[in-house]
Amino acid sequence: MIYLLLAYEFFKTGLFSFGGGYATIPFLYNISQIYGWYTIDELTKMFAVASITPGPVGINTATYAGFKTAGILGALFATVSEIIPSLICVIIVSKLLKKFSDNFYVKAIIKTLKPISCGLLIFVAIGLIKPSVTDIKAMILLTVLLIMSYKSKLDPIFYFGFSALAGLVIACLKSFII
Amino acid sequence: MKQISLLKLYLIFLKIGAILLGGGYVILPIITNELSKKEKLIPEEDLIDYFALSQSLPGVIAANISMFCGYKLRGKSGAIAAMLGVISVPILCIICLASTLSVLTENIYIKSIFWGVGIAVIALITLTIREMWQKSERDLFFYIILTISLVLLFYFRFTPVQTILTVSVIGVLIQSINKRGKLK
């Protein structure tokens, strides 16, 4: 029974959350209040962990909630249920794209979505700068990363490795000084 | 376009899922690197279309774009293979880490690594913006739509969904009017 409930709640989350993992927050918050599968405090910590463990944040939180509630099977149920609405949408849209690739409206929508997507990304980036870049060392690290990305074509994983290392070095230095 | 086995497809997305830190917004450079530059399976322009579409469909962006790519390469089973690939490592990670959540968020070294990765995510989003910028046809229409989107998001505090819906309608209207004007 709990599996069906998990499947139902995360199917709903997958169906109604647009714009990536952070859009699932209000749904997850709501689920926490109704069912108490996890606390709000856990949810906050979960988002911190989700942002450093591999994978989409939306998937990570679904897995976590499912696991906490009903073990490994629960984790699978919650995660897969969250993706099924998207799978259906993607298949339908892909078929339409194939069939009507020369249709005026299909082309018009894709042409419009690109600048919107750019706008959303700018919005997300600025939203992230405020809470993350709070001091001089964050500013320096960001500048270094941006310069590296402009000067050369590096494998994206390099940026993660480099910044994680930078974080670790700073933490070590701090603990040595204190 | 060369045919790719479902297993290979699964493994490529397994790798993408494993190195994807910080959520769907940073997947474009990673997926371009794996699918266009290394494997030459899907042209970069198509990936940008998929990314824009993935943002406007319900659900998780990273899963959406993976399924678009999978579908393009191997149809429905391809979409499922890519989706399973991209979520495999994340699911395992969370199951292993779930019980150590408080330890993870309180340890200063791990906190500091979180901090670094958080900054890298911003850098990668700027990289994504640059990729979209360079690979899109930037005519007057592009700038008009971008400006409207930014104004709605920042000034009128629209949510992403509201912005996508409103601006899509405006964009299609502008293009239909433009088309009629040209025909006359």
Side-chain angles (χ1 to χ4, degrees), chain A residues 14-15 18-21 45 48-49 51-60 63-64 67 72 75 79 83 85-87 89-91 94 108-110 112-121 123-125 128-129 132 138 141-142 145-146 149 155-157 159-160 163-164 166-168 170-171, chain B residues 17-25 29-30 49 52 55-64 67-68 71 87 89-91 93-95 98 101 104-105 108-109 112-120 122-123 125 127-129 132 136 142 145-146 149-150 153 160-161 164 167-168 171-172 175:
Chain A
L15 185 61
F18 290 80
K45 280 182 182 158
V49 174
S51 61
I52 61 132
T53 48
V57 178
I59 298 294
N60 289 344
T63 311
Y64 179 77
F67 184 71
I72 292 176
T79 315
I83 300 184
S86 318
L87 179 68
C89 287
V90 168
I91 289 175
S94 294
I109 287 178
I110 292 187
T112 314
L113 286 180
K114 280 193 220 175
I116 298 179
S117 175
C118 266
L120 286 174
L121 285 171
F123 181 68
V124 172
L128 284 176
I129 286 176
S132 318
L141 180 59
L142 183 60
L145 290 174
L146 289 178
S149 76
D155 200 318
I157 187 147
Y159 299 103
F160 290 127
S163 330
L168 197 60
I170 291 173
Chain B
I19 57 181
L20 180 73
L21 293 158
Y25 288 106
I30 297 175
D49 284 359
Q55 270 197 305
S56 357
L57 287 178
V60 181
I61 298 173
N64 288 351
M67 292 188 286
F68 270 116
Y71 189 88
I87 64 172
V89 177
I91 289 185
C93 274
I94 296 299
I95 289 177
L101 204 60
L104 279 177
T105 44
I108 58 153
Y109 296 101
S112 209
I113 294 176
F114 282 173
W115 170 84
V117 170
I119 309 277
I122 300 174
I125 294 179
L127 208 65
T128 311
I129 298 171
M132 294 207 73
S136 307
F142 182 94
I145 294 298
L146 179 63
S149 313
L150 289 175
L153 284 167
V161 200
I164 291 169
V167 185
S168 299
V172 173
Q175 288 188 69

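The model shown is predicted, which means the values in this text are computed figures rather than measured ones. Chain identifiers are assigned alphabetically (A, B, ...) following the order of the sequence lines, protein sequences preceding nucleic acid strands; residue numbering begins at 1 within each chain. The figures here come from the full heavy-atom set of this structure, side chains too, leaving out hydrogens, waters and symmetry mates.
The shortest heavy-atom contact between A:Thr112 and A:Ala108 is OG1-O, 2.6 Å. Nearest heavy atom pair, residue A:Lys114 against residue B:Met132, reads O-CE, 4.1 Å. Pairing each heavy atom of A:Pro54 with each of B:Ala18, the nearest pair is CB-O, 3.1 Å.
With chain A as partner, the option from B:Ser112, B:Ala62, B:Gly171 having the largest number of non-hydrogen pairs under 4.5 angstrom is B:Ser112. With chain A as the partner, the residue from B:Ala98, B:Ser136, B:Cys93 showing the most heavy-atom pairs under 4.5 Å is B:Ala98. In terms of heavy-atom pairs under 4.5 angstrom with chain B, the leader among A:Leu141, A:Ile109, A:Ile110 is A:Leu141. Ranked by heavy-atom pairs under 4.5 Å with chain B, the first of A:Ile170, A:Leu146, A:Leu87, A:Leu15 is A:Leu87. For chain B, the option among A:Leu113, A:Val90, A:Thr63 with the highest count of heavy-atom pairs below 4.5 Å is A:Val90. Annotation: maximal heavy-atom pairing with chain A below 4.5 Å, among B:Leu153, B:Ile125, B:Val172, occurs at B:Leu153. The candidate with the highest count of non-hydrogen atom pairs below 4.5 Å against chain B, out of A:Ser132, A:Ser149, A:Pro156, is A:Pro156. Among the candidates A:Ile129, A:Ile91, A:Ile72, the residue making the largest number of heavy-atom pairs closer than 4.5 Å to chain B is A:Ile91. With chain B as partner, the option from A:Cys118, A:Ala166, A:Ala75 having the largest number of non-hydrogen pairs under 4.5 angstrom is A:Cys118. Counting heavy-atom pairs closer than 4.5 Å to chain A, the top residue among B:Ile87, B:Asn64, B:Leu20, B:Ile108 is B:Leu20. Highest contact tally toward chain A, considering only B:Ile122, B:Ile94, B:Ile113, is held by B:Ile94 [criterion: heavy-atom pairs under 4.5 Å].
Distance CD1/B:Ile145 to OG/B:Ser168: 8.5 Å, rounded to 0.5 Å. In this structure, the separation between CG on B:Leu127 and CG on A:Leu121 is 11.0 Å, given to the nearest 0.5 Å. The CD1 atom of B:Ile30 sits 5.0 Å away from the CD1 atom of B:Ile19 when rounded to the nearest 0.5 Å. One finds the CG atom of A:Leu128 at 10.5 Å from the CZ atom of A:Phe123 (value rounded to the nearest 0.5 Å). Separation of atoms CG (B:Leu21) and OG (A:Ser163) is listed at 9.5 Å; rounding is to 0.5 Å.
Contacts between A:Ala164 and chain B at a heavy-atom distance below 4.5 Å involve backbone atoms as well as side-chain atoms. Contact annotation for A:Tyr159: both backbone and side-chain heavy atoms come within less than 4.5 Å of a heavy atom of chain B. For chain B, the nearby parts of A:Ile59 are the backbone and the side chain; heavy atoms of each come within less than 4.5 Å. In this structure, the portion of B:Leu150 lying under 4.5 Å from any heavy atom of chain A is its side chain and not its backbone. In this structure, chain A has a heavy atom under 4.5 Å from the side chain of B:Tyr71, while its backbone stays farther away. The contact between A:Thr79 and chain B is made entirely by side chain atoms (from C-beta outward), counting heavy-atom distances below 4.5 Å. Using a 4.5 Å cut-off between heavy atoms, A:Ile116 touches chain B through backbone and side chain atoms alike.
Side-chain contact between B:Pro58 and A:Pro85: absent, with no pair of heavy atoms (C-beta onward) separated by less than 4.5 Å.
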Set out, in order, the CA-CA distance, both residues' side-chain angles and the distance that settles side-chain contact (heavy atoms from CB on, under 4.5 Å) for B:Ile164 and A:Leu120, then state yes or no. CA-CA 9 Å; B:Ile164 291 169; A:Leu120 286 174; 3.8 Å; yes
